[in-house]
Amino acid sequence: MASIKVKGTITRVFYEGKGIELTEAYETKSGETINKRYTVWLKTPTTFDIGDVLTVEGLYSAEIDNWTNKEGEAKQSIKVSINTPIVTGK
């Protein structure tokens, strides 16, 4: 399995504190800001808060997610997860 290292801001804490959403923002060549979101799965509940900046390194996994938007249109996205993470920062 591939590994990944991401630095980002916590934008959500869920699953009784064992899951966090980490958002990484970067600027494209054209000046557009893009946000990438990662789900980080922890073995024990987190002590981190929304807004904390972390660096997370772990095993990369991805799956296709099918969903319907507010207008009733079928959509697809890729959910990226980081498993067995090593977390630094704050």
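The figures here come from the full heavy-atom set of this structure, side chains too, leaving out hydrogens, waters and symmetry mates.
Side-chain contact, Y38 with E21: no donor N or O sits under 3.5 Å from an acceptor N or O. Looking at T23 and T11, their side chains do bring a donor and an acceptor atom within 3.5 Å of each other. Using modelled atom types and a 3.5 Å distance limit, the side chains of S61 and N83 yield a donor-acceptor pair.
In this structure, CZ on R37 lies 11.0 Å from CG on L22, to the nearest 0.5 angstrom. Here CD1 of I34 is found 11.5 Å from CD of E24. Values are rounded to the nearest 0.5 Å. How far OG1 of T39 is from CZ of R12: 6.5 Å, rounded to the nearest 0.5 Å. Here the OG-CG distance, from S81 to L59, works out to 11.5 Å after rounding to the nearest 0.5 Å. Here the CG atom belonging to L42 is positioned 13.0 Å from the CD atom belonging to E16, to the nearest 0.5 angstrom.
Of the possible polar contacts, one joining the T28 side chain to the E32 backbone as a donor-acceptor pair under 3.5 Å is found.
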Using side chain to side chain contact (heavy atoms under 4.5 Å, CB included), reason through S77 and W67 one step at a time and then give a plain yes or no. CA-CA 8 Å; S77 59; W67 50 282; 3.2 Å; yes
* **side chain to side chain contact (heavy atoms under 4.5 Å, CB included) between T9 and D52, worked out** => CA-CA 6 Å; T9 304; D52 288 346; over 6 Å; no
Problem - CA sep, side-chain torsions, deciding dist, call: K7, V53, side chain to side chain contact (heavy atoms under 4.5 Å, CB included) - result: CA-CA 7 Å; K7 182 176 182 179; V53 176; 3.8 Å; yes
Step-by-step side chain to side chain contact (heavy atoms under 4.5 Å, CB included) determination, D65 to Q76: CA-CA 6 Å; D65 185 30; Q76 279 189 333; over 6 Å; no
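Remark: N69 pairs with E71, E73 by the side chain to side chain donor-acceptor pair (under 3.5 Å) rule, at least two apart or across chains.
Follow the hydrophobic side-chain contacts under 4.5 Å out from I10 and you never reach I86; the two are in separate clusters. The hydrophobic clustering, which links ILVMFWY residues whose side-chain heavy atoms are closer than 4.5 Å, places I78 and V56 together.
Residue I20 forms a side chain to side chain contact (heavy atoms under 4.5 Å, CB included) with just one option from L54, I82, V87, and that option is L54.
When hydrophobic side chains of Ile, Leu, Val, Met, Phe, Trp and Tyr are connected at separations under 4.5 Å, F14 ends up clustered with Y15, W41.
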